[in-house]
Amino acid sequence: MIDARELVDTKNSTQAKKIFGDQEVYEQELERIFGRCWLFLAHECMLEKTGDFITTTMAEDPVVVTRHKDGSINAFINSCSHRGNRVCTADSGNSKSFVCNYHGWVFGADGSLVDVPLAETCYHGDIDKSKLGLPKIRVESYRGFVFGCFDDDAPSLEEYLGDWGWYLDTFMVGAGEGMELIGPPMKSTLKCNWKVPAENFVGDAYHVGWTHAAALEVLGGELGMLAGNTAEIPYAQLGIQVTTRHGHGCGIIRQAASSIHVKRENYDKFNQETIPKVAEKLGEARAGLFDGHWNCTTFPSCSFLYGTNIFKVWHPRGPNEIEVWSYVLVHKGMDDATKKEVVKQAARSFGTAGTLESDDGDNMVNATSINQGTQARKNRMSSTMAHDYEGPHPEFPGIVGASFIGETSYRGFYRFYQEIMNAESWQAIHARDDEWDDMFENKDFWKNKIAGNK
Ligand code: UNU
Ligand code: FES
Ligand code: FE
């Protein structure tokens with residue numbers, strides 16, 4: 001077992017370069033992170049009717065997710081209890097049952113074993129189907145987003161999200177009718193470690209003006225001014241960064257939701273009409289964030305850009321490879337023309353062949369491989385930006401950084417990474433609920449800043 005305090009130094013905000021490629025680190029992540037956290041599976045809109053199913057993976061384990069006739073959503077590992085072959089080979093569909101391709105065992109939508117060929121003649125009736133169902137994975141939904149968890153000791157999904165739910169509600173509840181995900185997902189493979197895009201989405205607005213400079217110059221829009229990092233910009237007034245108890249977090253650039261859409265009339269109109277509804281439902285603090293552009297990661301590997309509305313899951317495939325699954329987020333209350341506009345704009349920027357997607361892919365792949373050089377991997381990386389410019393905020397939950405460009409949410413992501421990599425159990429994590437934010441030492445940062453602004 002690796003002591004994660006070597007991998008992450010929370011005091012000096014550094015990480016060992018080897019966290020991006022080391023096999024032993026990766027094996028520990030599979031058990032301690034992917035084996036114990038809530039992982040995104042699907043949206044309920046993909047499982048509306050009895051018998052609807054999708055297949056996905058939780059880390060490297062293939063999983064079937066189904067809508068059962070009692071209305072419940074079920075998930076189980078896509079592996080037959082006879083000799084282990086897949087019981088479902090489709091990406092999605094509607095079916096009463098799943099028949100293993102190898103010897104023909106038949107499973108119901110709740111994973112129960114319902115039929116075994118030659119049960120009377122060749123098993124001589126001596127087989128107890130009730131004991132051979134597919135073991136169920138915990139499934140819970142938050143605002144229609146369905147997650148699964150292998151660990152019975154994990155907190156409920158709502159507790160796991162914690163303060164992060166307050167932020168998610170801005171768009172998942174604020175607009176009134178909820179959100180949905182447009183699939184099937186665009187899929188691609190990247191030769192990178194899963195944490196490189198996860199940390200990028202949780203907290204990297206720093207790269208936007210540099211990595212995406214050429215794209216932003218072409219696009220113009222509200223973020224055009226970031227291109228090249230040369231314009232005089234009141235960075236501290238344009239947004240915030242957030243981290244929460246279990247590593248989830250975001251960066252929010254105010255009034256920039258549609259900034260990288262080329263065609264945006266419908267979406268802008270939707271946003272302006274919706275802001276007063278958000279204020280009424282949730283109050284002014286969140287109404288003020290509704291037309292922001294958000295980069296987000298729900299720990300460990302579910303990331304999205306609200307505004308651009310791409311929603312991504314980084315499925316690990318070894319320490320040096322991921323599958324990227326990209327969906328598009330839309331509001332249920334949008335009319336079809338607006339939904340279509342949003343889907344097109346999300347795909348052209350951050351779909352598999354998106355313009356900004358390919359800017360990022362190059363960085364993801366290189367950061368992974370160069371950090372694994374025989375000598376390089378002995379060194380460390382840093383995430384220290386603005387480490388005194390953050391703290392608890394009177395309006396916004398979690399720990400809040402002073403600008404959208406900072407590394408508060410990087411630090412929070414790796415703080416929790418260290419904690420869960422070392423924790424024996426979820427009980428050990430709960431025991432630290434009151435002290436989790438000790439590393440963010442400037443407790444009066446916002447109090448002083450707000451007093452100073454008055
Ligand atoms: O590349 C990103 N994560 C990004 C791009 C974030 C905000 C705006 C544009
Ligand atoms: Fe950030 Fe080099 S400047 S990785
Ligand atoms: Fe990017």
Side-chain angles (χ1 to χ4, degrees), residues 13-15 17 19-20 188 190 192-193 195-229 233 235 238-242 249-262 264 267 289 291-298 302-312 314 324 326 329 342 345-373 376 379-386 401 403-407 409-410 413:
S13 306
T14 66
Q15 301 85 30
K17 290 195 166 197
I19 59 169
F20 289 159
S188 58
L190 262 186
C192 76
N193 182 265
K195 295 185 293 304
V196 186
E199 67 170 38
N200 175 279
F201 274 64
V202 85
D204 203 326
Y206 187 25
H207 83 292
V208 175
W210 193 255
T211 293
H212 300 302
L216 292 182
E217 252 169 56
V218 173
L219 287 168
E222 290 84 346
L223 298 185
M225 64 187 178
L226 298 179
N229 297 329
I233 295 169
Y235 286 100
L238 293 180
I240 53 170
Q241 264 209 339
V242 178
C250 65
I252 307 172
I253 313 175
R254 290 181 186 277
Q255 295 173 353
S258 61
S259 53
I260 56 179
H261 297 218
V262 173
R264 47 192 274 183
Y267 185 40
L289 302 177
D291 65 344
H293 186 283
W294 303 45
N295 56 274
C296 309
T297 293
T298 301
C302 177
S303 298
F304 61 92
L305 300 176
Y306 178 74
T308 301
N309 290 332
I310 201 80
F311 185 100
K312 288 173 181 285
W314 323 110
V324 184
S326 304
L329 262 174
V342 168
Q345 298 306 314
R348 59 172 290 289
S349 55
F350 279 97
T352 296
T355 43
L356 286 86
E357 181 79 354
S358 29
D359 293 338
D360 286 323
D362 193 52
N363 290 332
M364 305 294 148
V365 171
N366 281 311
T368 299
S369 65
I370 310 295
N371 276 325
Q372 298 320 310
N379 300 334
R380 301 186 74 80
M381 305 178 276
S382 84
S383 55
T384 58
M385 185 190 273
S403 169
F404 67 102
I405 301 187
E407 287 171 343
S409 45
Y410 263 77
F413 181 93

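Note that ligands are numbered from 1 as they come in the structure, with each ligand's atoms numbered from 1 the same way.
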Looking only at protein heavy atoms, what sits closest to atom 4 (C) of ligand 1 is V208 CG2, 3.6 Å
Pair E222-R254, salt bridge (charged side-chain N to carboxylate O under 4.0 Å, His left out): steps then yes or no:
CA-CA 10 Å; E222 290 84 346; R254 290 181 186 277; over 6 Å; no
Flag D360 as yes if one of its N/O/S atoms falls below 2.8 Å of the Fe ion (ligand 3), otherwise no.
yes
To 10 degrees, how wide is the angle NE2 (H207) to the Fe ion (ligand 3) to NE2 (H212)?
100°
Got a sec: does the CD of Q372 have more than 12 other heavy atoms crowding it under 6.0 Å?
yes
May I ask you to check whether K312 and S303 show a side-chain donor-acceptor distance below 3.5 Å?
no
Select one of side chain, backbone, both or neither to describe which atoms of D360 lie under 4.0 Å from any atom of ligand 1, heavy atoms only.
side chain
I need the atoms of ligand 1 closer than 4.0 Å to a non-hydrogen atom of H293, numbered in the order shown.
6 (C), 7 (C), 8 (C)
For ligand 1 and H212, I'd like to know whether there is a polar contact (N/O to N/O, distance under 3.5 Å).
yes
Taking N or O atoms only and a 3.5 Å limit, does H207 qualify as a polar contact for ligand 1?
yes
Exercise: do D359 and H207 side chains pair donor with acceptor under 3.5 Å
no
Any heavy atom of T308 under 4.0 Å from ligand 1? The part involved is neither
Donor-acceptor side-chain pairing of Q241 and S403 below 3.5 angstrom:
no
Regarding D360 and T211, is there a side-chain donor-to-acceptor distance under 3.5 Å anywhere?
no
Is it the case that the side chains of Y306 and N295 hold a donor-acceptor pair, with the cut-off being a distance below 3.5 Å and no angle test?
no
Has F350 got any heavy atom lying under 4.0 angstrom from an atom of ligand 1?
yes
